[in-house]
Amino acid sequence: MAITPLYSLAGVFVGMLVGLTGVGGGSLMTPLLVLLFGFHPTTAVGTDLLYASATKAVGTTVHDARGTVDWSVVRRLAIGSVPATIVTLLCLSQISRTSDVSGVIALVLGAALVATAAALFFRARIVARLTPRFAAMSPRRLGGLTVLLGAVLGVTVSLTSVGAGALGMTALLILYPQLPVNRLVGSDIAHAVPLTLIAGIGHWWMGSVDVSLLVSLLLGSIPGIIVGSLIATRVSDRVLTPILAVTLAIVGVRLFF
């Protein structure tokens with residue numbers, strides 16, 4: 001197993017941004033692996049999924065210790081995402097036996113990145129406009145929509161490794177305005193662990209995980225996340241969010257072509 005310092009440096013960069021902004025590493029790492037380092041899209045997605053699972057497992061432990069995980073929300077999301085993830089992986093496995101799915105994955109990844117950028121940049125407006133429509137919703141309907149959200153995230157994350165962060169968090173803010181933001185963040189991170197783990201194992205089974213790359217990324221991302229978290233309070237979200245959103249939008253459009 002060869003450790004590549006350049007990949008570890010990329011892990012530091014992405015880890016710091018995740019620590020600063022809270023956005024999942026998939027929307028940052030996967031495009032880097034595809035566009036900068038030239039990895040096959042399926043390899044980039046599969047490796048990034050296990051990378052995200054490992055890093056978010058640590059985050060879940062911290063949030064759970066602080067009591068900022070709503071396990072009922074996590075359970076509802078998982079009821080939708082786990083079956084959707086398994087079905088998506090089975091379909092992807094069957095399709096990949098007869099054709100190259102890299103073009104489709106790149107296209108879906110581009111769309112997911114553009115949607116993530118929009119969710120980041122317009123999150124406050126989206127939440128403010130849609131929240132009143134869901135405020136008086138019955139618990140049964142709220143649970144059903146949460147399960148549906150989990151299913152959508154399961155499909156998107158399995159195909160692109162993107163969606164569990166900014167997209168999922170924006171939807172949770174709309175559906176659960178009564179919950180504290182830190183509790184929603186913790187729940188979103190906790191749900192991402194089984195989601196990315198199952199999807200990552202599926203990609204590993206299909207042979208689209210680079211173990212050396214995975215280890216190299218984790219060696220950089222762990223200290224990167226620590227540093228990013230430590231300086232997060234000193235950097236304004238008003239500065240970081242627009243920069244990150246514009247970057248993701250540009251990368252997403254680039255993947256379309």
Side-chain angles (χ1 to χ4, degrees), residues 1-3 7 10-11 14-15 18 24-34 37 39-61 63-64 69 71 74-102 104-106 108-109 112 147 149-165 167-168 187-222 225:
M1 183 182 298
I3 304 300
Y7 301 156
V14 173
V18 172
S27 57
L28 301 167
M29 182 58 75
T30 303
L32 280 176
L33 295 178
V34 175
F37 297 126
F39 280 92
H40 194 283
T42 53
T43 301
V45 169
T47 304
D48 181 68
L49 284 167
L50 290 180
Y51 158 82
S53 178
T55 54
K56 291 187 177 184
V58 177
T60 298
T61 303
H63 276 279
D64 189 39
V69 176
W71 290 107
V74 175
R75 183 173 60 254
R76 292 172 181 173
L77 290 170
I79 290 173
S81 66
V82 171
T85 298
I86 294 173
V87 172
T88 302
L89 290 171
L90 289 174
C91 293
L92 191 62
S93 175
Q94 293 297 321
I95 295 173
S96 63
R97 293 179 181 179
T98 58
S99 60
D100 185 6
V101 297
S102 60
V104 176
I105 290 179
V108 176
L109 176 59
V147 172
L149 170 62
V152 172
L153 292 178
V155 175
T156 306
V157 171
S158 298
L159 288 174
T160 67
S161 78
V162 174
L167 295 177
S187 302
D188 183 64
I189 292 175
H191 167 248
V193 175
L195 171 57
T196 54
L197 178 61
I198 293 172
I201 291 174
H203 278 270
W204 194 339
W205 174 65
M206 291 186 289
S208 53
V209 172
D210 189 318
V211 178
S212 296
L213 171 62
L214 175 62
V215 174
S216 297
L217 294 176
L218 288 174
L219 286 176
S221 67
I222 293 174
I225 290 172

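Side-chain atoms are counted along with the backbone in the values below, which use heavy atoms only and exclude waters and symmetry mates. Numbering of residues begins at 1 and proceeds along the displayed sequence.
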Nearest non-hydrogen partners of A84 and V155, listed with the distance: CB-CG2, 4.1 Å

Heavy-atom closest pair, residues S53 and L197: OG-CB, 3.3 Å

Candidate pair M206 and T42, rule side-chain contact (heavy atoms from CB on, under 4.5 Å), full reasoning: CA-CA 10 Å; M206 291 186 289; T42 53; over 6 Å; no

H203 and its side chain to side chain contact (heavy atoms under 4.5 Å, CB included) partner, picked from I198, L92, D48: L92

Shortest non-hydrogen separation from V14 to Y51 and the atoms involved: CG1-OH, 3.7 Å

Side-chain (T160) to main-chain (V108) donor-acceptor, under 3.5 angstrom: no

Among V34, T30, L213, T47, the one residue meeting side chain to side chain contact (heavy atoms under 4.5 Å, CB included) with F39: L213

Closest heavy-atom pair and its distance - Y7, L217: O-CD2, 3.3 Å

Atom pair OG1 (T61) and CD1 (I189), whose distance is rounded to the nearest 0.5 Å: 11.0 Å

Heavy-atom pair of closest approach, residues A190 and V69: CB-CG1, 3.9 Å

Candidate pair W205 and L89, rule side-chain contact (heavy atoms from CB on, under 4.5 Å), full reasoning: CA-CA 10 Å; W205 174 65; L89 290 171; over 6 Å; no

CG-CD1 distance between L50 and I201, expressed to the nearest 0.5 angstrom: 7.0 Å

Verdict with reasoning, I3 to V215, per side-chain contact (heavy atoms from CB on, under 4.5 Å): CA-CA 7 Å; I3 304 300; V215 174; 3.4 Å; yes

Shortest non-hydrogen separation from L195 to V157 and the atoms involved: CD2-CG2, 3.8 Å

Rounded distance [0.5 Å steps], CG in L77 versus CH2 in W71: 11.5 Å

Short side-chain to backbone donor-acceptor contact, S158 and G154, under 3.5 Å: yes

Any donor-acceptor pair under 3.5 Å from T60 side chain to K56 backbone: yes

